[in-house]
Amino acid sequence: MFAALFAAVLSAPASAIEPIKISRDDVALDLSRAVEIYRDQGANFQVSTAPGADGIVRRIEVEAQDDRPTGDWAVFALANTTDEQLDRLIVAPHFRLVGSGLIWPDLGSQRIAAITPSEGFALDRQESNDGDEFLVTLNPGTVITFVAELSSRNLPQVYLWDPEAYKETVNSYTLYRGIVIGIAGLLALFLTILFVVKGTSMFPATAALAWAILAYIAIDFGFLTRIIDISSGSEQLWRAGTEIALAASFVIFLFAYLNLNRWHEHFSYGVLAWITGLTILLGVAWIDPAMAAGIARLSFAATAVVGMGLIVYLGMQGYDRAIMLVPSWLMVLVWVVGAWMAVTGTLNNDIVEPAIGGGLILIVLLFGFTVMQHAFSGSSPFQGLFSDMERQALAVAGSGDIVWDWDVLRDKVVTKPDASRQLGLPAGSLHGPARSWLPLLHADDRDTFRTTLDVVLEHRRGRIAQSFRLRGADGHYHWFMLRARPVVGSDGEVIRCVGTMVDVTEQKKAEERLLHDAVHDNLTGLPNRELFLNRLDATIAMASNERNIRPTVLVIDIDRFKQVNDELGISAGDTILLTIARRLHRVMKPGDALSRVAGDQFAMMLLSEQEPARIASTADAVRQAVRTPVTFAKREIVLTPSIGLVSWTSAQSSAEEMLKDAELAMYQAKRFGGDRIEPFRPGFRSIGTDRLQTESDLRRAVERKEIKLVYQPIIRLEDGTIAGFEALLRWEHPRRGTIPPSDFIPIAESSGLIVQLGHHAMQQSADDLYHWQKELGDIPLFVSVNLSSRQLIRRDLVGDVRSVIARANIKPRCFRLELTESLVMDNPEQSAHVLAKLRQLGIGLSLDDFGTGYSSLAYLTRFPFDTIKIDRSFLVDPSTKGTVLLKSMVTMAHELGLSVVAEGVSSEDDAEELRLMGCEYAQSFHFGEPADAEASLRLLTEQNPLKPVAS
């Protein structure tokens with residue numbers, strides 16, 4: 001026995017604990033960090049006490065009083081440093097949201113079974129449903145060590161309270177909790193009454209959420225334990241159940257409010273599966289309440305995030321109901337973040353838990369206010385039940401054969417007479433929910449049909465005027481025109497849509513015939529020039545990627561056809577053209593295409609032959625087909641063709657260009673006397689004017705990548721370093737040498753090539769900037785690219801810039817676009833819209849040639865520029881007025897938050913004067929001429945020799 005006692009003494013902790021000194025003024029002390037926890041010590045526990053007043057450390061042994069001891073003990077010591085007796089309460093709350101955890105959270109339980117002091121008897125437990133409370137009396141000058149037998153492994157918090165202060169605090173919290181519970185109960189009751197009055201799904205879902213929140217708060221605030229007897233063992237189950245109910249009602253509210261099942265049944269299945277999973281979770285709570293509560297918390301957070309995504313998406317589509325929910329849902333996200341910080345222990349104080357409960361009340365209050373806007377915008381909840389006579393009157397007000405009536409509240413569509421019979425479908429096939437129409441609608445019409453009805457419901461006004469196709473029993477589609485209008489009840493909601501449906505199948509067929517005639521020749525039925533070019537363009541696009549596709553174009557002109565037409569008449573001419581068209585069609589093979597491009601001209605796209613010899617053989621067959629005599633009015637008419645032939649090469653970029661080359665070859669064949677086949681040669685291109693020649697050369701230069709970029713440095717005046725570069729286009733013509741931008745940029749603008757050039761400039765400059773930064777490290781450097789008017793008006797500009805930045809992997813702030821003042825003022829409203837979108841990408845915007853226009857000051861604040869470039873004309877004026885004007889422009893720019901780049905600086909004195917004015921940047925030949933990317937990199941390397949990127 002002595003050996004056992006000796007071993008127990010050796011196994012016990014040897015060091016004495018440090019006592020906590022308390023005084024008369026200590027109202028509440030947090031003992032959590034001062035408590036020492038001993039795990040798995042068994043039913044008997046020995047520990048060294050804190051040094052007493054005599055300085056002696058003693059050993060005490062405590063025996064467990066619980067029937068099922070956990071073997072876990074907590075030890076702390078208190079020292080009364082006053083000269084009077086002190087009464088204090090030791091309080092350990094059963095549940096504390098702060099630090100409870102997200103996965104397998106601590107849902108609360110009894111924490112302390114008993115507390116034994118080192119002197120005197122075990123402490124008396126005070127009656128409390130919310131925590132373990134023990135009254136302790138400390139004599140003057142005593143040091144007492146307390147050994148607490150733990151009922152659970154966790155001890156989140158231990159407080160030492162002055163009894164009167166604790167009573168006042170409990171009373172104040174009781175008052176707050178009573179107010180919160182009262183508000184929650186009133187909201188739940190009011191929303192339930194609203195559900196009884198207004199029976200749409202949105203209102204019971206809101207009422208269910210309110211009751212779930214009330215139940216959660218009643219458990220969290222300990223209110224339910226005062227009504228019913230909840231044992232300490234079932235407290236975790238009740239808390240997990242309320243958290244699951246809260247998560248489930250939250251999902252139901254989101255689904256019902258946004259009416260997600262209107263068009264997509266899979267939303268219904270998804271939500272049903274979600275709710276079923278949470279219902280099963282209630283069963284899991286019987287086994288493991290902590291795990292069930294953790295999953296419920298994750299479900300609540302996931303619903304908040306997914307709901308925000310749905311609300312943003314539907315709000316961007318213009319749905320009023322989603323837009324109205326945005327403020328409430330932002331509050332939900334704030335609450336979720338606050339709750340996450342609380343359960344993870346990031347927020348750690350006593351007011352967090354009641355604040356979280358109050359936040360739930362604020363959320364349901366906002367939800368209730370939102371749904372009440374729908375409920376009480378009118379007084380009468382049931383409107384819109386029409387008789388047959390009234391329905392017929394509305395049909396007469398429309399203009400159709402079939403009455404189309406959609407009862408929105410019941411989501412039922414009725415057509416009279418039944419449109420199903422007209423389609424050959426079983427009677428009543430189209431009677432039912434609006435979504436039942438979707439499978440019968442043509443795939444191209446479903447989204448439009450669905451969106452049109454949704455917009456009318458959300459905006460509660462407007463008319464429906466839409467054409468769509470419905471599939472009949474035989475598989476053919478019938479065209480219908482739907483004209484309807486919404487009927488709004490006194491509550492402001494659309495209660496039904498009524499109108500007419502007219503079968504317009506014949507009208508649509510007539511439109512299709514007109515469309516066919518618009519792109520086909522009326523005489524021969526062959527495609528016309530526009531359709532031929534469209535098909536040739538598509539083929540060229542495929543040829544760029546497929547080696548086995550090499551189109552050849554033949555242009556066939558009938559020699560002396562005008563003479564035959566004049567002598568024999570138009571009828572004979574038409575007969576001859578029809579005969580030739582049929583003969584040419586017989587020469588063609590699968591994949592080839594034939595078109596009548598002019599009066600007596602045909603064009604053939606040859607895809608079936610790739611070898612030059614076979615192409616020549618086909619061209620000769622075409623020639624022989626035309627030369628075969630044509631019999632008309634017992635006369636044989638012999639005609640000959642002039643044929644121009646061109647095969648596709650990578651140098652030809654468009655169908656228009658390829659057809660023009662074939663026509664040039666055909667005209668050359670005519671000049672040689674006709675009745676011959678002439679392959680195209682580059683020498684056939686006639687040089688009409690220098691501009692046409694330049695345009696033609698420019699087109700080829702773009703394809704051959706003869707257009708290069710050079711970079712002119714932009715200097716930071718403060719220290720003379722390079723801040724960035726302006727990218728400039730340069731064209732080195734293989735025969736004419738360097739062509740200045742002033743010669744080819746206007747031509748590129750007028751011909752539309754500037755779009756390709758501009759995109760090339762943006763992508764190449766962004767790639768070069770990435771290369772420079774990769775070589776030198778992440779140095780503060782930007783590149784600036786000029787923007788043209790053609791690019792500014794294009795809808796794809798913002799997408800192109802976003803793609804350029806992403807492909808080059810550069811930061812948006814390092815990329816700038818420059819626009820001239822005149823360009824922006826051509827269409828200020830459009831410019832403001834596009835520039836705002838570009839600014840949202842995070843790129844810089846510079847206003848070039850500032851001061852040269854007529855309205856800079858009037859519109860400067862309307863556009864989101866961050867930099868202005870002062871034109872060089874303001875720097876060449878040496879007068880006092882010129883200096884004052886320049887200085888005022890710099891000052892004005894700074895007051896507007898803009899940086900300034902001065903162009904045309906000719907000397908160091910000018911640069912110093914600009915620096916003193918506050919101008920940040922300068923750009924001119926004085927600081928460096930435009931150079932290619934490699935030379936610019938060398939210049940940067942000289943400036944930044946110590947900034948290589950580590951490998």
To check you understand the geometry: which heavy-atom pair defines the closest contact between Val332 and Ala304, and what is its length?
CG1-CB, 3.9 Å
Could you go through the side chain to side chain contact (heavy atoms under 4.5 Å, CB included) check for Arg529 and Glu656 one step at a time?
CA-CA 10 Å; Arg529 183 185 184 94; Glu656 185 74 35; 3.8 Å; yes
Rounded to the nearest 0.5 Å, how far apart are OG of Ser846 and CG of Asn786?
9.5 Å
Value for CZ (Arg535) from CD1 (Ile540), rounded to nearest 0.5 Å, stands at 14.5 Å
With sequence neighbours excluded, give me every salt bridge (charged side-chain N to carboxylate O under 4.0 Å, His left out) pair touching residues 720-731.
Glu726-Lys869
Is there a side-chain contact between Phe725 and Leu781, using heavy atoms and a 4.5 Å cut-off?
yes
Taking atom CG of Leu841 and atom CZ of Arg802, what is their separation to the nearest 0.5 Å?
5.0 Å
Short N-O contact, Arg915 and Glu912, less than 4.0 angstrom:
yes
Give a yes or no on this: more than 12 heavy atoms of other residues, nucleotides or ligands lie within 6.0 Å of atom NE2 of His833.
no
Between Gln764 and Asp768, do the side chains contain an N or O donor and an N or O acceptor separated by less than 3.5 Å?
yes
Output yes when a side-chain donor or acceptor of Ser924 lies under 3.5 Å from a complementary backbone atom of His926, and no otherwise.
yes
Which atom names give the shortest non-hydrogen contact between Ala655 and Asp537, and what distance separates them?
N-OD1, 3.2 Å
So do Leu835 and Leu838 actually touch side chain to side chain, heavy atoms under 4.5 Å?
yes
Could you measure the distance from the CZ atom of Phe927 to the CG atom of Leu939? Nearest 0.5 Å is fine.
12.5 Å
Given side chain to side chain contact (heavy atoms under 4.5 Å, CB included), test Ile311 with Leu258 step by step and report yes or no.
CA-CA 8 Å; Ile311 291 168; Leu258 295 180; 4.3 Å; yes
Working to the nearest 0.5 Å, report the span between CZ of Arg938 and CD of Gln943.
15.5 Å
Report the distance from atom OG of Ser654 to atom CG of Leu536, rounding to the nearest 0.5 Å.
8.5 Å
Given side-chain hydrogen bond (donor to acceptor under 3.5 Å, both in side chains), test Glu530 with Asn534 step by step and report yes or no.
CA-CA 6 Å; Glu530 287 73 20; Asn534 181 269; over 6 Å; no
Thr451 side chain to Asp447 backbone, donor-acceptor under 3.5 Å:
yes
Does one side chain, of Ser907 or Asp909, offer a donor that lies under 3.5 Å from an acceptor on the other?
no
Does any part of the side chain of Phe680, heavy atoms only, come nearer than 4.5 Å to the side chain of Val553, both counted from C-beta?
no
Heavy-atom side-chain proximity of Thr867 to Leu898 below 4.5 angstrom
no
Smallest separation among heavy atoms of Ser784 and Glu818, with atom names
OG-OE2, 2.7 Å
Determine whether Glu657 and Arg700 satisfy the following criterion, salt bridge (charged side-chain N to carboxylate O under 4.0 Å, His left out), listing intermediate values before the conclusion.
CA-CA 11 Å; Glu657 182 180 353; Arg700 289 170 174 77; 3.1 Å; yes
Non-hydrogen side-chain atoms of Gln923 and Gln712 separated by less than 4.5 Å:
yes
Mind checking whether Val783 and Ile810 have side chains closer than 4.5 Å, heavy atoms only?
no
So do the side chains of Arg297 and Trp340 get within less than 4.5 Å of each other, counting heavy atoms only?
no
Using the salt bridge (charged side-chain N to carboxylate O under 4.0 Å, His left out) rule, take Asp866 and Arg839 through it: C-alpha gap first, then chi angles, then the decisive distance, then the call.
CA-CA 9 Å; Asp866 53 14; Arg839 189 62 178 158; 2.9 Å; yes
Trp329 vs Leu254 side-chain heavy atoms within contact, under 4.5 Å:
yes
Whether the side chain of Asp932 engages the backbone of Ala935 through a donor-acceptor N/O pair (distance < 3.5 Å, no angle test) should be reported.
yes
Donor on one side chain, acceptor on other, His894 and Glu920, under 3.5 Å:
yes
Please test Thr539 against Trp648 for side chain to side chain contact (heavy atoms under 4.5 Å, CB included), starting from the C-alpha separation and ending with a verdict.
CA-CA 10 Å; Thr539 304; Trp648 179 82; over 6 Å; no
Begin from the C-alpha positions of Val312 and Met316 and carry the test side chain to side chain contact (heavy atoms under 4.5 Å, CB included) through to its verdict.
CA-CA 6 Å; Val312 170; Met316 293 176 65; 4.0 Å; yes
Modelled atom types, side-chain donor and acceptor of Asp910 and Ser906, under 3.5 Å
yes
Note: Pro740 and Thr738 closest approach over all heavy atoms is CD-O, 3.8 Å
Nearest atoms (heavy-atom pairs only) where Ser936 meets Trp772:
CB-CZ2, 3.8 Å
Could you report the tightest heavy-atom contact between Val785 and Ala761, atom names first, then the distance?
CG1-CB, 4.0 Å
